[in-house]
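Step one of this worksheet: look at the structure below.
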Number of protein chains: 2
Amino acid sequence: MSDIHNETVAPAVERDVTDLVLQDILTGMLPAGTWLKQIDLERRYDCTRPEVRRALDRLSQKRLVEHVPNRGYHVYQPDGRRAQEISDIRVILETAIADQMVANAKPDSIETLRGLARHFDDMTQNGTVLEHYEANLAFHKELLLLAGNQELVDLISEIRQRTSSAPVSQWRTRARVEQSAREHHLMIDALEAGDTAELRRLIEAHIRQTARLGQR
Amino acid sequence: MSDIHNETVAPAVERDVTDLVLQDILTGMLPAGTWLKQIDLERRYDCTRPEVRRALDRLSQKRLVEHVPNRGYHVYQPDGRRAQEISDIRVILETAIADQMVANAKPDSIETLRGLARHFDDMTQNGTVLEHYEANLAFHKELLLLAGNQELVDLISEIRQRTSSAPVSQWRTRARVEQSAREHHLMIDALEAGDTAELRRLIEAHIRQTARLGQR
DNA sequence: GTAACATAAATTGGCGCCAATTTTGGATAC
DNA sequence: GTATCCAAAATTGGCGCCAATTTATGTTAC
């Protein structure tokens, strides 16, 4: 059992180990297939074994890591079928609420979204992988919140994490990143114009484009 | 901290403590608001404290129980907003795949479903609360599997658990149970007839009827 | 009777420890 | 060189223990 670099990552006070490990998985610091040794994670995140165990158990419940009894945990390999199925689910959900998003899009909401889209643009130019990724999440979350179903927002946020819809695989080329950025603005345009059909089309295209590239 | 009866429930070999606690929550043995004392659960399920803790942590991650630091865990109170939102999500998902269910409904699938619907009828007459509940789940799972998206089946199964869509609240009257049974058969009829619109209507009505009664 | 306080009892939270299991490295044989 | 075996080292898994915190109970004052 080998594999990971033992860099100590300073624990942020408000984020527990689960979040830290998850972040490192999603940013590619802990690539697919990596064995996550408990004693290494203790050092990496400067925490205790019970904390590591809890984090790993939680991540295994989310099927981001796999537990192999007596051997440990490793990061799941990307699964094309899963990614595809989850994209399908996201398409279903996010297009189904397009009409509610349009109905609830007030000028201040539009303004907030524009700000977040610009922030994404900015992070594309100047940000770290993580900042970029989180800017994307922030934009999409704000968009989804328009529909007024908190459980749905949480659910989508949750299932996004289940696949390699992550920075290391999501945006392979500059062109793709820039297209995503344009699509964000186009979604806002459709919202503003009250064009539900166009919004649906954009959302679906956005998700499927990302999903296709998420396959390895 | 008080509240639960200390009956020892024989642990089934293949089900871990998480499942056992979940089962007791869903069947009403551990009602909403109940404080789940670790030492009581140890005795109840004849297991060790670490196992209890893991189970409780998992259930808290699923938001079925709430963790209050230094005080313990208690079963969440039903939340009408959550139940409603989750039903909305289920309607979106399950009606979206109606066409795929219809497309994939082969005669042997129909036959299997009829068997499961009859089994539900039988459990209505003769079964325990849990058997009845599981017969319902079995029927719906088989139906959903027709769509060919395993992640979606798993997801729906998972989100159903998040609310009081459980035996103690789902079926309050005999009439309601019997209507559910009829609806199961009608869904199969719609499948067999290839009537996607009717299937959608039935699914939506079925979910919403259940959700309405799930509120307290 | 209620409110405040102190103490004992009960419970949670987390750590250390060690048995069980796996991995690694070295020695030996071919 | 490869294959096999064995012992040492490393790691996982789970238990026991106890400090920290909360709850319950009893006493005192009003």
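As a basis for the values below, the full set of heavy atoms in this structure was taken, side chains included, without hydrogen atoms, waters or symmetry mates. The chains referred to below are lettered A, B, ... by the order of the sequence lines, with proteins before strands, and numbering in each begins at 1.
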> To the nearest Å, how far apart are B:H74 NE2 and C:dT12 P?
Replying inline: 13 Å
>> With a 4.0 Å cutoff (strictly under), does any side-chain N or O of A:T48 reach OP1 or OP2 of C:dG14?
In response: no
> Phosphate oxygens OP1/OP2 of C:dG13: is one of them under 4.0 Å from a side-chain N or O of B:H67?
Replying inline: yes
> Tell me: CG of A:D57 to P of C:dG14, nearest whole Å?
Replying inline: 16 Å
>> Under a 4.0 Å threshold between the charged nitrogen and the carboxylate oxygen, would B:R176 count as salt-bridged to B:E183?
In response: yes
>> Run B:D79 and B:R63 through salt bridge (Lys or Arg N to Asp or Glu O under 4.0 Å) and show every step you take.
In response: CA-CA 11 Å; B:D79 177 337; B:R63 287 184 277 158; over 6 Å; no
> Atom CD of B:E42 and atom P of D:dC15: how far apart are they, to the nearest Å?
Replying inline: 10 Å
> How close or far is atom C1' of C:dT12 from atom CG of B:L56, stated in whole angstroms?
Replying inline: 11 Å
> Can you check the B:I39 CD1 to D:dC18 P distance for me, whole Å?
Replying inline: 18 Å
>> Suppose we call a contact any N or O donor and acceptor under 3.5 Å apart; does that hold for the side chain of A:R71 and the base of D:dG13?
In response: no
>> Between A:K141 and A:E134, does the salt bridge (Lys or Arg N to Asp or Glu O under 4.0 Å) criterion hold? Intermediate values first, please.
In response: CA-CA 10 Å; A:K141 185 163 186 176; A:E134 292 188 329; over 6 Å; no
> Looking at C:dG14, does its base get a donor-acceptor pair with the side chain of A:R49 below 3.5 Å?
Replying inline: no
>> Let me spell it out: for each of A:P69 and A:R53, pick the nucleotide of DNA chain C with the closest heavy atom. Which residue's pick is nearer the 5' end?
In response: A:R53
> Could you give the OH-to-C1' distance, from B:Y73 to D:dT21, as a whole number of Å?
Replying inline: 15 Å
> Can a side chain N or O of B:Q38 be found less than 4.0 Å away from OP1 or OP2 on C:dA10?
Replying inline: no
> Which of the following nucleotides, C:dC15, C:dT11, C:dG13, is nearest to the side chain of B:K37?
Replying inline: C:dT11
> Nearest-Å distance, CG (B:L41) to P (C:dG13)?
Replying inline: 13 Å
> Start at the 5' end of DNA chain C and walk down; is the nucleotide closest to A:N70 or to A:R54 reached first?
Replying inline: A:R54
> Given B:S60 and B:D57, is the side chain to side chain contact (heavy atoms under 4.5 Å, CB included) satisfied, shown in steps?
Replying inline: CA-CA 5 Å; B:S60 78; B:D57 185 68; 4.1 Å; yes
> Does the side chain of A:H67 reach to within under 4.5 Å of the side chain of A:L56, using non-hydrogen atoms?
Replying inline: no
